[in-house]
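Here the structure comes first, spelled out in C-alpha cells, and everything after it is commentary.
All chains are named by letter (A, B, ...) in the order of the sequence lines, taking the proteins before the strands, and each is independently numbered beginning at 1. These numbers come from a predicted model, not from an experiment.
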Amino acid sequence: MNIRTQLDTIITQALANAGADNAPAVVKTSARPEFGDYQANGIMGAAKKLKMNPRELATKVVADLELNNEITELVESFEIAGPGFINIHLKNTWLAERIEQTLKSDNLAIAKTNKPETVVIDYSAPNLAKEMHVGHLRSTIIGDSISRVLELLGHKVIRQNHVGDWGTQFGMLLTYMSELKQESSELNSELEVQLADLEKFYQAAKIRFDEDETFAAQARENVVKLQAGDVEFLKLWQQFIDTSLNHCDEIYQILNVKLTRDDVAPESQYNDDLANVIIDLDKTGLLSENQGAQCVFLDEFKGKEDSIIPMIVQKSDGGYLYATTDLAALRYRHNQLGMTRGLYLVDARQSLHLKQVYVVGKKAGFVPESTSLEHMAFGTMMGKDGTPFKTRSGGTVKLIDLLNEAKLRAFDLVTSKNPDLDEESRRSIANTVGIGAVKYADLSKNRTSDYIFNWDTMLSFEGNTAPYLQYAYARIQSIFRKAGDINNNAEISLLEPAERLLATKLLQFSEAVEIVAKDGTPNFLCNYLFELSGNFMSFYEACPIMKADEVTKQSRLKLAKLTANTLKTGLDLLGIDVMERM
RNA sequence: GCGCUGGUAGCUCAGAUGGAUAGAGUACCUGGCUACGAACCAGGGGGUCGGGGGUUCGAUUCCUCCCCAGCGCGCCA
C-alpha cells in the first residue's frame, strides 16, 4: 500500500472514532515543505457536518492518532495548522528503512491489485487505406503506456488494434492496384514501388477516381465484388492489407510499442456477425425502422426540440455501419475475450458515437451493466494558428517523417556533445533520445481537448523532456562505473534536505502508477518522473557522492541506485528506453 | 438551434476527490564547468486562472448566465 493511502485509511478511521462517520481524511502531499510531507484536508469538512470547531476536532483526531502504533511507526509528528489542517511529518528512520525494502524488492515494491480485471484496450486503430499520420500518435502511445501500467499491476490486458480494413475506399485502391498490375508485367515491380508509399498511392488512386468516370464506375463495381467474396479481389485486398500492416509494424517497432500482428482485430473480422447483431437487436425490441433504415432510438439521446438522435445500425440499402461493427466488437470482447473493463483510446469527436454504442450494448445485453466501458478521449491536432493541422500542400504529416526528423535532430545533438563516440553508438543513442522526446512530448499532456502540434516543442531535448529523465539515469550509471558496487550492509541516513526530499519522492512512485491505472493518464507518471529527476539533480549538486566519507557515500549510492531503478521502470511504463551513456 | 470539450505567465502546458503564498518548461535577466557528465544546477522578473453572479470558513476546481475557440448532432468511418 502506498503511503498516501496508508495515512488516508488510518486518519479516516480516526475521524470516525472522533464521531465523524463517512468523512474522508483527504490526505495529499503537502503543498509546501514547511507543512510537512503530507497533509490531511478533510477535518474542516467533517467539522462542518458535525457543527464542531475544526481545530477542536483536529485536536481529538491527533490525540487518537498519537495512541495508534500503526501510524506513529512512520510519523514523527502531527501538527494542527491554519483553519484545521493536520500536517504530517514522516520519520527519517522509517523513510530510510522503506527505501531499503524497496531496493530489495522486485518491481519496486509495487503491490499487485487485489481485484484483477480483464481489460480490453482498444488503441492505435489506423485506417489501412492510408499511411499512419501524426494524429495516430496519441492513441498509439497513450494506449500502449496504459496497457503496460495495467499489466504491471497484475491485470489481464488484451490489446485490440481495431484497424480499418474495409469499406468503399478499398474499391478505389484495388482498382488502381489491378491497373498497375496489368501495366507492369515484370514481377509487379511498379506496384511494389508505389505501395512503398501508401500516402502517394492513395492520392494517385484518388486522382484516377476523380478524373476518370470509367475508373470510378469500375471502383464502385469492385467494392461489390470484394464484399461478395470475389476470390481475385480478396487476394488483391489481402496483399494491400499485408503491405499496409507492414508499414504499421515498422512504426510500432520504431516507437517501441508492444502491438503485434496478434493484436490486430480488424473491422472485417466482424463482417459475418453484423447480420446477427441486427437480428439480436430486433429480438430485444430496441430496433425500429425509420425511412427504410434500421435504427435504435433511446431517451438518453435527445437532440433539438426533444427529438431523439437515432443510432442507425443498418442503412436503407441494407449496408452496415461503423456502429454495427462496434456493437459486434463489443459483444465479441465480452463473450470471447472475457472483458470486464473496456478502454477506448479514440478521438474525442467520436464521444457521442461511443456513448451510443455503450448504452445500446448494455441495453441489448451484449455486455453486462457491470462492465466498465471508458472512452479515453483526446482532441484534434491543431496547427500554430489554431486551425486543424495540415502541411503546406494540405495533407497531414506522416508519422514516419516526424520520427525520422526526431532521430536526425537527436543525432546532430549527440554528435556535438560526444564527437568522439563511434557513429553506431551515436545513432543508437540518437534513436533512443529522439523517439523518447517525441513520445514524452505527447504523453506528458492531458488534453482531452485540441492540442497544438509544434515541431520544436515536440523535438526539444531540454527542460521537461524525456532526455532530461534519460540524462539523470545516464549520470547515475556514470557514477556506478566509477564507484563500483554498493555495500549492501550499509545504512541509509537522510541528513541533508536534498537527501530527504529525494527519498520521499522515491517512495511515491506507486501513487503515480495507480492514478494512471485508474484514470488512464500517463501524464501523471511523466510529471512524477520529472519531479523525481529534478529532486535527483538537486541532490546530485548538493550531496557529493564520490568525495564523501565511506558511510555517507554508501548511503547516497543507495539513493542513486533506487533512483535509477525507478527511472528505468517508470520510463519503461511510458515505453521509453534509457541508456548507460548519452 | 441543441450537445460535448476546452479558455491558467509572451509561448507550450501541469494543476485527481474544493484548501494555506496557483506551478513547470521555454523565452528573457544574474550567477555556477580544473568538479560524481552544463542535455545540468542556484536565483530573478513575468498571472484580475475568459467575464459576471452564486454556494462556503475557503473556489482555477462546484452551480448559473454570458463571451470566445474546436468538434459533434438519421443512413461516412
So which nucleotide does [N] pair with, by the Watson-Crick or G-U wobble rule with both distances under 3.5 Å?
N     : result
B/U17 : none
B/A9  : none
B/G74 : none
B/A59 : none

A/Y451 six-ring face occupied by A/R138 cation (under 6.0 Å, within 45°):
yes
If you draw the axis of the six-membered ring of A/F411, does the NZ or CZ of A/R427 fall within 45° of it and under 6.0 Å from the ring centre?
yes
Quick one: [X] [atom1] to [N] [atom2], roughly how many Å, whole number?
X      : N     : atom1 : atom2 : result
A/M579 : B/G37 : CE    : P     : 16 Å
A/Q470 : B/G37 : CD    : P     : 18 Å
A/Y451 : B/G70 : OH    : P     : 18 Å
A/L443 : B/A14 : CG    : P     : 13 Å
A/N535 : B/C41 : CG    : P     : 11 Å
A/H375 : B/C71 : NE2   : P     : 16 Å
A/M376 : B/U5  : CE    : P     : 15 Å
A/Y540 : B/A35 : OH    : P     : 11 Å

Check every atom of [options] against the side chain of [X] and return the nucleotide holding the closest atom.
X      : options             : value
A/M537 : B/G37, B/U17, B/C41 : B/C41
A/R581 : B/G37, B/G15, B/G58 : B/G37
A/V433 : B/A14, B/G72, B/A39 : B/A39
A/I545 : B/U17, B/C36, B/C40 : B/C36
A/L352 : B/G37, B/G72, B/A39 : B/G72

Touch class at under 4.0 angstrom, heavy-atom based, for [X] against every strand present:
X      : value
A/L413 : base
A/K48  : base
A/R4   : base
A/D347 : nothing
A/K417 : base
A/S478 : base

Taking syn as a glycosidic torsion within 90° of 0 and anything else as anti, which one is B/G74?
syn
Just the table, please: protein N/O against nucleotides 19-26 of chain B N/O, every pair under 3.5 Å.
| residue | atom | partner | partner atom | Å |
| --- | --- | --- | --- | --- |
| B/G19 | OP2 | A/K28 | NZ | 3.1 |
| B/A20 | N7 | A/Q39 | NE2 | 3.4 |
| B/A20 | N6 | A/Q39 | OE1 | 3.4 |
| B/A20 | N6 | A/N87 | OD1 | 2.5 |
| B/U21 | O2' | A/R32 | NH1 | 3.4 |
| B/U21 | O2 | A/R32 | NH1 | 3.4 |
| B/U21 | O2 | A/R32 | NH2 | 3.4 |
| B/U21 | N3 | A/R32 | NH2 | 2.6 |
| B/U21 | O4 | A/R32 | NH2 | 3.4 |

Using the [atom1] atom on both, measure [N] against [M] and round to a whole Å.
N     : M     : atom1 : answer
B/U34 : B/U12 : P     : 38 Å
B/C65 : B/U26 : P     : 42 Å
B/G6  : B/A16 : P     : 13 Å
B/G19 : B/A77 : C1'   : 46 Å
B/C13 : B/C75 : P     : 34 Å
B/A38 : B/C33 : P     : 11 Å
B/G18 : B/C63 : P     : 11 Å
B/G43 : B/A59 : C1'   : 32 Å

A/R500 and A/D37 ion-paired at < 4.0 Å:
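A salt bridge links A/R500 with A/D37.
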What I want to find out is whether A/E199 reaches A/K130 closely enough, with some N-O distance under 4.0 Å, to be called a salt bridge.
no
Heavy-atom nearest nucleotide on RNA chain B for A/C295 versus A/N523: which residue maps closer to 5'?
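In this pair, the answer is A/N523.
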Nearest-nucleotide 5' precedence on RNA chain B, A/S351 against A/M582:
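Nearest nucleotide further toward 5': that of A/S351.
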If you apply the rule salt bridge (charged side-chain N to carboxylate O under 4.0 Å, His left out), what do you find for A/D456 with A/R409, and how did you get there?
CA-CA 10 Å; A/D456 291 330; A/R409 290 201 196 185; 3.1 Å; yes
Is it true that A/T5 and A/D8 share a donor-acceptor pair across their side chains at a distance under 3.5 Å?
no
If you measure only the distance, is there a donor-acceptor pair under 3.5 Å linking the side chains of A/S372 and A/R341?
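Checked: A/S372/A/R341 side chains show no N/O donor-acceptor pair below 3.5 Å.
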Are OP1 or OP2 of [N] and a side-chain N or O of [X] less than 4.0 angstrom apart?
X      : N     : value
A/Y471 : B/C41 : no
A/R475 : B/A39 : no
A/S444 : B/C13 : no

Under 3.5 Å, N/O pairs linking protein and nucleotides 75-77 of chain B:
| residue | atom | partner | partner atom | Å |
| --- | --- | --- | --- | --- |
| B/C75 | O2 | A/S316 | N | 2.8 |
| B/C75 | O2 | A/S316 | OG | 3.3 |
| B/C75 | N3 | A/S316 | OG | 3.3 |
| B/C75 | N4 | A/Q291 | O | 2.8 |
| B/C76 | OP2 | A/K315 | NZ | 3.4 |
| B/A77 | O3' | A/E267 | OE1 | 3.4 |
| B/A77 | O3' | A/E267 | OE2 | 2.5 |

Close side-chain approach of A/I241 to A/W166, heavy-atom, < 4.5 Å
no
Gap between atom CG of A/L502 and atom OG of A/S538 - 0.5 Å precision
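Rounded to the nearest 0.5 Å, the OG-CG separation comes to 9.5 Å.
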Find the distance between CG (A/N127) and CZ (A/F170) and round it off to the nearest 0.5 Å.
6.0 Å
With a 6.0 Å cut-off on the ring centroids, do A/F85 and A/F35 count as close?
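For A/F85 and A/F35, the ring centres are not under 6.0 Å apart.
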Distance flag, aromatic centroids of A/Y270 and A/Y320, threshold under 6.0 Å
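Not close enough - the centres of the two rings lie 6.0 Å or further apart.
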Please state whether the rings of A/F536 and A/Y540 are parallel, tilted or perpendicular, taking 30° and 60° as the class boundaries.
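Plane angle between 30° and 60°, so tilted.
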